[in-house]
Number of protein chains: 2
Amino acid sequence: MSKTTADLLQGTLSVLILKTLTWGPRHGYAIARMIEDTTDDTLLIEEGSLYPALYRMERRGWIEAEWGTSELNRKAKFYRLTSAGRAQLRAEIAQWRRFSVAVEKVLATA
Amino acid sequence: MSKTTADLLQGTLSVLILKTLTWGPRHGYAIARMIEDTTDDTLLIEEGSLYPALYRMERRGWIEAEWGTSELNRKAKFYRLTSAGRAQLRAEIAQWRRFSVAVEKVLATA
DNA sequence: TAAGCTTACCTTGACATTCTAGGTATCAAG
DNA sequence: CTTGATACCTAGAATGTCAAGGTAAGCTTA
């Protein structure tokens, strides 16, 4: 099963990133590590998915970027939530729950 | 996510179809209606997604088709699960649960 | 001081899936 | 005989993810 779409369901990456940023500004690499750690590597965040997602979200005004220095003294771009991003997060969480409840309804039928 | 609050997450349509077919052979239109009814229209199955999905699944040997007559006396193509489809269903359910548990872990963090 | 590992970012192109928006045909009901 | 529901089908666009590359700088260790 598969090469594609097995690791992440399309559409969930943004909610994961937004939620991660509620803990405070983070750079991309750290966001990926946090999600992987939290899920015991069930969700693997590929960099080829991560960075394009960050650009999309920035373009849509959900997050803002600023260059800085990482904890390990490397150049890093720190993202933080905007208020639009916070609203988007609320919407996406609600959407996710509605959706997963609905899927469970189908899967749970005897 | 897109304008309709009800679109599917990529990768979930097949598990929904497979599960629906455990109730017995169904034609495409009936599969869509069942999923929509079960979820109170939270999950809307577009025909442009449904029929291509059925072909993919048939090509992969998860389901088999046979022309027949619907309850309302119309020509209809009835699909039924193969044993490969049953195995696929088990795998996809397991995958879905692992995935949704992982997403919840991220979203649930205080 | 060089090699190698890790951190950190970025991009291109392929790929799968879903949606939009059409279309056909049949049957039942008004 | 027109309308609405049933039932199938398809082309093309849009979207998002992944694979697979790449750059560069800091740390470690030999």
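Using a 4.0 Å cut-off, some side-chain N or O of B/Lys77 falls inside it from OP1 or OP2 of D/dC9. Within the 4.0 Å cut-off from OP1 or OP2 of D/dT6, not a single side-chain nitrogen or oxygen of B/Ser70 is found. Contact between the side-chain N/O atoms of A/Tyr55 and the OP1/OP2 oxygens of C/dT11 is found at a separation under 4.0 Å. The phosphate of D/dC18 has OP1 or OP2 within less than 4.0 Å of a side-chain N or O from A/Ser49. For C/dC9, the OP1/OP2 oxygens have a side-chain nitrogen or oxygen of A/Tyr51 closer than 4.0 Å. A sub-4.0 Å separation between OP1 or OP2 of D/dA7 and a side-chain N or O of B/Arg26 is absent. Using a 4.0 Å cut-off, some side-chain N or O of B/Tyr29 falls inside it from OP1 or OP2 of D/dT6. In terms of phosphate contacts, B/Arg74 brings no side-chain nitrogen or oxygen within less than 4.0 Å of OP1 or OP2 of C/dA25.
Regarding B/Leu50, its CG atom lies at a distance of 8 Å from the P atom of D/dC8, rounded to whole Å. Protein atom CG of B/Leu16 is 14 Å distant from nucleotide atom P of C/dT17, rounded to whole Å. Per the geometry, CG belonging to B/Leu44 stands 17 Å off C1' belonging to C/dA21, to the nearest Å. Across the protein-nucleic acid pair, A/Glu66 atom CD and C/dC9 atom C1' stand 17 Å apart, rounded to whole Å. Rounded to whole Å, atom P of D/dT6 lies 16 Å from atom CD1 of B/Ile45. Going from atom CG of B/Leu8 over to atom C1' of D/dT17 covers 17 Å, rounded to whole Å. Taking atom CD of B/Glu58 as the reference point, atom C1' of D/dC8 lies 14 Å away to the nearest angstrom. The distance from atom CZ of A/Arg56 to atom C1' of C/dT11 is 14 Å, rounded to the nearest whole Å.
Checked for salt-bridge contact, B/Arg80 and B/Glu66 meet the test: a charged N lies under 4.0 Å from a carboxylate O.
Proximity of A/Phe99 to B/Thr42: side-chain heavy atoms (C-beta onward) are nowhere separated by under 4.5 Å. When side chains are defined from C-beta on, A/Ile93 counts as touching A/Leu89, because their heavy atoms get closer than 4.5 Å. A heavy-atom distance below 4.5 Å is not found between the side chains of B/Ile45 and B/Ile17. Two residues are said to be in side-chain contact when any heavy atoms from C-beta on lie closer than 4.5 Å; B/Lys77 and B/His27 fail this criterion.
The residue among A/Pro52 and A/Glu71 whose nearest nucleotide of DNA chain C is located toward the 5' end is A/Glu71. Checking A/Leu72 against A/Gly48, the closest nucleotide of DNA chain D that is more toward the 5' end is the one next to A/Gly48.
When distances run from any side-chain atom of B/Glu46 to the nucleotides C/dC9, C/dC19, D/dC9, the shortest one goes to C/dC19. For A/Glu47, taking side-chain heavy atoms from C-beta onward, the closest of the listed nucleotides D/dT17, D/dT10, C/dC9 is C/dC9.
Taking 3.5 Å as the limit, the base of D/dT15 and the side chain of A/Gln10 contain a donor-acceptor pair of atoms between them.
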Evaluation steps, salt bridge (charged side-chain N to carboxylate O under 4.0 Å, His left out), between A/Arg97 and A/Glu104: CA-CA 10 Å; A/Arg97 300 234 210 258; A/Glu104 271 311 319; over 6 Å; no

